[in-house]
Visitor: 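Structure below; questions to follow.
In each ligand, atom 1 is the first atom listed, and ligand 1 is the first ligand listed. Atoms considered below: every heavy atom in the structure, side chains included; atoms not considered: hydrogens, waters and symmetry mates.
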Amino acid sequence: MDVLQSLDRNNLPRHIAIVMDGNGRWAKERGQDRVYGHHEGVISVRDIVNASAELGIEYLTLYAFSTENWKRPKTEVDALMELLVNTIRKEAEELKKNNVRLHVIGDFKSLPEICQRELDEAKSMTAMNTGLNLVLALSYSSRWEIVEAVKNIAVDISERKINPVQIDDKLFNSYLNTAAFPDPELMIRTSGEHRISNFLMYQLAYAELYFTNVHWPAFRRQNLYEALLNYQQRERRFGKTSEQIQTNDPHHV
Ligand code: FPP
């Protein structure tokens with residue numbers, strides 16, 4: 001049966017996070033350079049964004065550029081930034097039309113100015129949209145985000161805006177870049193690597209992890225449906241027993 005037809009529309013994750021891996025390998029397998037893989041990867045981004053919006057997914061976070069990616073050869077970094085600027089410029093109208101709201105997490109100020117401008121414009125163009133929230137992680141890493149949160153908490157303590165006894169999960173979360181978003185229930189990583197790679201480490205605490213060997217440029221909506229079907233076959237226990245979950249009874253022993 002068609003995978004899409006088998007999906008339970010009442011049991012979809014609110015938030016899907018994706019590590020888009022394998023652009024370079026996909027290109028190499030075709031005798032092309034790595035940048036060709038990134039260009040093809042944009043086609044997958046478009047398809048997965050549209051499919052997520054059609055399914056009614058509320059949040060989709062894509063790991064587009066990590067803090068560590070700055071260490072790649074300058075030609076590749078420049079090509080990725082140019083691709084980002086051109087893609088945002090080209091797609092902003094489409095996002096607006098499709099009721100998609102754009103957000104960015106990461107060290108925004110470290111991005112080239114032209115990138116910042118293009119992203120700011122697309123963010124304001126789509127600010128009133130109420131459908132899918134598309135979150136691009138750019139110059140992002142979890143350790144950077146957590147350290148920033150700790151610094152900002154320390155500043156607020158020194159300025160007596162908060163008291164250390166107030167610090168709990170909820171307060172800490174409010175200092176993260178993702179404060180306005182629910183935690184992802186599903187994390188997908190393409191291209192056969194079984195790692196988190198500094199991506200949303202705090203937020204993924206209870207996420208289901210799904211790994212596929214498919215490289216990102218080949219990952220299209222049918223692959224997303226398969227990941228979602230796999231997610232729906234799992235039992236999410238949050239530390240409780242299977243019996244508690246099945247009987248919906250928190251006191252079941
Ligand atoms: C990982 O593949 C991919 C990236 C570092 C960049 C992802 C960027 C895009 C898909 C295009 C731009 C995105 C948007 C949102 C417009 P890799 O290069 O690490 O591949 P490899 O592991 O095979 O070398």
Side-chain angles (χ1 to χ4, degrees), residues 16-53 57 59-96 98 100-108 110-112 114-123 125-126 132-142 187-200 211-221 223-224:
I16 303 172
I18 307 184
V19 179
M20 308 183 288
D21 199 8
N23 293 352
R25 277 165 283 171
W26 182 88
K28 211 170 157 205
E29 281 170 14
R30 283 156 185 78
Q32 303 278 352
D33 68 23
R34 303 176 49 79
V35 174
Y36 175 71
H38 298 317
H39 278 265
E40 290 295 307
V42 172
I43 302 172
S44 297
V45 169
R46 198 180 297 125
D47 195 42
I48 297 307
V49 168
N50 289 337
S52 302
I57 302 293
Y59 299 85
L60 173 68
T61 299
L62 302 178
Y63 205 1
F65 195 85
S66 73
T67 310
E68 290 75 21
N69 286 153
W70 290 115
K71 294 181 205 142
R72 291 193 175 193
K74 187 175 179 313
T75 47
E76 185 175 342
V77 171
D78 289 348
L80 269 169
M81 291 300 147
E82 195 183 323
L83 181 60
L84 184 73
V85 169
N86 290 339
T87 306
I88 299 296
R89 196 173 282 155
K90 254 201 293 204
E91 303 289 333
E93 272 302 333
E94 194 69 10
L95 295 177
K96 187 176 172 191
N98 292 342
V100 176
R101 181 170 176 187
L102 183 73
H103 306 262
V104 179
I105 57 170
D107 188 4
F108 197 71
S110 71
L111 296 170
I114 170 88
C115 243
Q116 294 185 31
R117 267 205 307 278
E118 220 48 65
L119 288 163
D120 273 336
E121 194 176 326
K123 280 197 293 183
M125 265 174 74
T126 61
L132 174 72
N133 288 281
L134 171 61
V135 185
L136 294 185
L138 289 167
S139 193
Y140 172 87
S141 78
S142 240
M187 192 280 266
I188 299 172
R189 182 169 187 149
T190 59
S191 208
E193 309 296 350
H194 296 186
R195 287 191 290 273
I196 306 276
S197 296
N198 223 342
F199 184 47
L200 302 175
F211 300 100
T212 168
N213 289 332
V214 176
H215 295 315
W216 178 251
F219 190 92
R220 298 293 158 88
R221 62 179 64 208
N223 305 92
L224 176 71

Visitor: Give the residue and atom name of whichever protein heavy atom lies nearest to atom 15 (C) of ligand 1, and the separation in Å to one decimal.
Guide: Leu136 CD2, 3.7 Å
Visitor: Got a salt bridge between Arg117 and Asp120, using NZ or NE/NH1/NH2 to carboxylate O under 4.0 Å?
Guide: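 Looking at Arg117 and Asp120, the cut-off is not met.
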Visitor: Could you tell me the residue and atom name of the protein heavy atom closest to atom 5 (C) of ligand 1, and the distance to it rounded to 0.1 Å?
Guide: Asn69 OD1, 3.6 Å
Visitor: Kindly confirm or rule out an N or O of Arg25 lying under 3.5 angstrom from an N or O of ligand 1.
Guide: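 Yes: some nitrogen or oxygen of Arg25 is under 3.5 Å from one in ligand 1.
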Visitor: Tell me which protein heavy atom sits closest to atom 10 (C) of ligand 1, plus the residue, atom name and distance to 0.1 Å.
Guide: Asn23 ND2, 3.5 Å
Visitor: Which heavy atom of the protein is the closest neighbour of atom 12 (C) of ligand 1, given with residue, atom name and distance?
Guide: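 Protein heavy atom with the smallest distance to atom 12 (C) of ligand 1: Val42 CG2, 4.1 Å.
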Visitor: In this structure, does ligand 1 have an atom that sits under 4.0 Å from one of the heavy atoms of Gly22?
Guide: yes
Visitor: Considering the heavy atoms of Arg72, write down every atom of ligand 1 situated less than 4.0 Å from one of them.
Guide: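 The atoms of ligand 1 under 4.0 Å from a heavy atom of Arg72 are 5 (C), 17 (P), 18 (O), 19 (O).
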Visitor: Starting from atom 24 (O) of ligand 1, what is the nearest protein heavy atom, named by residue and atom, and what distance separates them?
Guide: Arg34 NH1, 2.9 Å
Visitor: Under 4.0 Å from any heavy atom of Ala64, which atoms of ligand 1 are there?
Guide: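 Answer for ligand 1: 6 (C), 7 (C), 8 (C).
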Visitor: Flag Gly24 as yes when one of its N or O atoms lies below 3.5 Å from any N or O atom of ligand 1, and as no otherwise.
Guide: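 Min N/O separation from ligand 1 is below 3.5 Å for Gly24.
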Visitor: Nearest protein heavy atom to atom 1 (C) of ligand 1, by residue and atom, and its distance?
Guide: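 Of the protein heavy atoms, Met20 O, 3.0 Å lies nearest.
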Visitor: Checking a contact table here: which protein heavy atom is nearest atom 14 (C) of ligand 1, and how many Å away?
Guide: Leu84 CD1, 4.2 Å
Visitor: Can you check whether Asp21 has an N/O within less than 3.5 Å of an N/O in ligand 1?
Guide: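 Right, the criterion is met.
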Visitor: Evaluate the criterion salt bridge (charged side-chain N to carboxylate O under 4.0 Å, His left out) for residue pair Arg30 and Glu40; output intermediate values, then yes/no.
Guide: CA-CA 12 Å; Arg30 283 156 185 78; Glu40 290 295 307; over 6 Å; no
Visitor: Residues two or more places apart in sequence or in another chain: which of them pass side-chain contact (heavy atoms from CB on, under 4.5 Å) with Asn223?
Guide: Val214, Phe219, Arg220, Glu226
Visitor: What's the shortest distance from atom 16 (C) of ligand 1 to any protein heavy atom, and which residue and atom give it?
Guide: Thr87 CG2, 3.7 Å
Visitor: Any heavy-atom pair between the side chains of Met187 and Leu200 that's under 4.5 Å?
Guide: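 Counting from C-beta outward, Leu200 and Met187 never come under 4.5 Å.
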Visitor: Does ligand 1 have an atom under 4.0 Å from some heavy atom of Leu62?
Guide: no
